[in-house]
Protein chains: 2
Amino acid sequence: MSTQDRLIESTQELLWERGYVGTSPKAIQQRAGAGQGSMYHHFTGKPDLAAAALQRSAEQMQAAAGELLDGPGNAHDRIAAYLLRQRDVLRGCRIGRMTQDPDVMADPGLRAPVQETFAWLRGRLAAVVAEGVAAGELAAGLDAEETAAAIAAVVQGGYVLARAADDPDAFHQAIRGALALLRTV
Amino acid sequence: MSTQDRLIESTQELLWERGYVGTSPKAIQQRAGAGQGSMYHHFTGKPDLAAAALQRSAEQMQAAAGELLDGPGNAHDRIAAYLLRQRDVLRGCRIGRMTQDPDVMADPGLRAPVQETFAWLRGRLAAVVAEGVAAGELAAGLDAEETAAAIAAVVQGGYVLARAADDPDAFHQAIRGALALLRTV
DNA sequence: GTCTATAGACGGATAGAC
DNA sequence: GTCTATCCGTCTATAGAC
């Protein structure tokens with residue numbers, strides 16, 4: 001892997017663990033095994049590097065979720081597959097975490113991947129919900145957008161509960177609770 | 001208000017806006033209109049002050065939620081009142097936000113108020129859900145703990161969606177989605 | 001491309017005068 | 001109780017040699 005790639009990957013990890021304010025160029029360099037000069041040769045500075053890292057994380061998250069939501073099975077099963085997918089619960093969501101960082105949200109280049117990822121996710125979920133309602137797998141009256149927002153929110157909020165309790169089970173409880181409510185046709 | 005109180009209140013605000021890592025003693029002093037010496041006279045340092053601020057925020061959050069969950073109306077109405085209560089959506093949750101800050105979660109004194117608040121909230125919600133199921137206001141098979149976790153998660157995740165979209169309506173969509181699912185008896 | 005040296009600002013805290 | 005002075009480390013970046 002190139003130095004440039006190692007820098008991006010290290011930044012992805014550190015943004016996930018410590019957020020933007022909590023991540024220093026020095027820490028990135030150390031994790032990537034690269035020197036100062038090297039980093040500033042490939043990137044103009046911390047914001048530039050963070051933008052590259054967030055774009056990559058956003059692509060990866062969309063690819064992972066898209067695979068399940070576009071996968072095999074009926075609509076209900078695909079939503080369940082998305083909700084039940086293996087996750088690093090206590091680490092939380094790499095993208096969702098960024099919404100808490102004012103410096104990220106204030107910089108359009110950093111904010112864009114976050115905004116786009118959630119817009120994409122909600123749209124994709126809404127389409128599957130609509131499909132499920134049409135097929136009679138989900139309750140007839142459900143609003144697709146609202147239901148999709150609720151599903152996405154349960155995942156993001158589940159991470160919060162799990163970290164607060166320091167227990168991944170809090171996440172899984174929330175997911176099971178949501179699935180039970182969806183099943184109540 | 002005493003200098004001590006102003007320091008605590010300023011810290012509450014800054015922790016909410018910028019998180020623990022992003023909040024400096026200097027910024028706290030400026031917002032509180034207090035000098036360095038004054039701050040270090042009343043508190044041993046940043047962690048001590050943050051602990052006082054988080055404890056106060058935790059109390060306030062529990063008081064606000066408790067009032068609605070213990071208020072008038074049947075179980076379903078109290079859950080709806082909690083979900084629909086007026087919120088500063090784009091600012092997010094003062095307590096939930098802290099779960100993303102590794103320095104907070106690593107310090108037992110800072111972590112405790114966060115952990116306790118969510119444990120309390122989930123327990124309180126579960127009791128109301130159980131009451132609603134018993135009264136036939138909520139679907140018969142619902143697991144109280146899981147449903148409560150899902151409800152708490154929708155709120156926390158709703159904040160994430162709203163901040164990502166820079167639009168409070170994302171939060172309200174998630175809430176309406178959750179309420180619709182709860183209504184589906 | 002990568003290295004070392006250097007720089008100004010800020011973070012977090014201490015000391016001692018008043 | 002509050003103020004000013006001072007301290008050492010880190011943050012983010014630039015400069016220039018190799």
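Since this is a predicted model, take the numbers as computed values, not measurements. Just so it is clear: chains get the letters A, B, ... in the order the sequence lines come, proteins before strands, and each one is counted from 1.
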Practice task
Report yes or no: do A/Arg87 and A/Tyr159 form a side-chain donor-acceptor pair below 3.5 Å?
Solution key: yes

Exercise for the section: Quickly work out the A/Leu14 CG to D/dC11 P distance and round it to whole Å. Expected result: 12 Å

Handout entry: Under-4.0 Å side-chain N/O to phosphate OP1/OP2 contact, B/Lys46 with C/dG12
Key = yes

Fill in the blank from the handout: Within residues 28-44 of chain B, those residues having any heavy atom closer than 4.0 Å to DNA chain C are B/Gln36, B/Tyr40

Exercise for the section: Take atom NZ of B/Lys26 and atom P of D/dA5, then tell me their distance rounded to the nearest Å. Expected result: 14 Å

Practice task
Look at A/Ser24 and D/dC11 and indicate whether a side-chain polar atom (N or O) is within less than 4.0 Å of OP1 or OP2.
Solution key: yes

Fill in the blank from the handout: Atom CG of A/Asp103 and atom C1' of C/dC10 are separated, to the nearest Å, by 14 Å

Exercise for the section: Using a cut-off of strictly less than 4.0 Å, decide whether B/Thr3 has a side-chain nitrogen or oxygen near OP1 or OP2 of D/dG1. Expected result: no

Practice task
Could you check whether A/Ser2 gets within reach of a base, just the sugar-phosphate, or nothing at all, counting any heavy atom under 4.0 Å?
Solution key: nothing

Completion exercise
Contacts of B/Gln4 and A/Gly45 projected onto DNA chain D by closest heavy atom; the upstream (5') one is B/Gln4

Practice task
Please check if the side chain of A/Glu137 supplies one atom and the backbone of A/His76 the other of a donor-acceptor pair under 3.5 Å.
Solution key: yes

Problem - Passing option when B/Glu13 is tested against B/Arg94, B/Arg31, B/Arg56, B/Arg91 for salt bridge (Lys or Arg N to Asp or Glu O under 4.0 Å) - result: B/Arg31

Problem - Single-linkage hydrophobic cluster, 4.5 Å side-chain cutoff, B/Val133 and B/Val128 together - result: yes

Handout entry: B/Ala150 versus A/Gly177, closest heavy-atom pair with distance
Key = CB-C, 4.0 Å

Handout entry: Atom-to-atom span, CZ of B/Arg18 to C1' of C/dG11 - whole angstrom
Key = 13 Å

Exercise for the section: Please name the pair of heavy atoms, one in B/Arg78 and one in B/Pro72, separated by the smallest distance, quoted to 0.1 Å. Expected result: CG-O, 3.4 Å

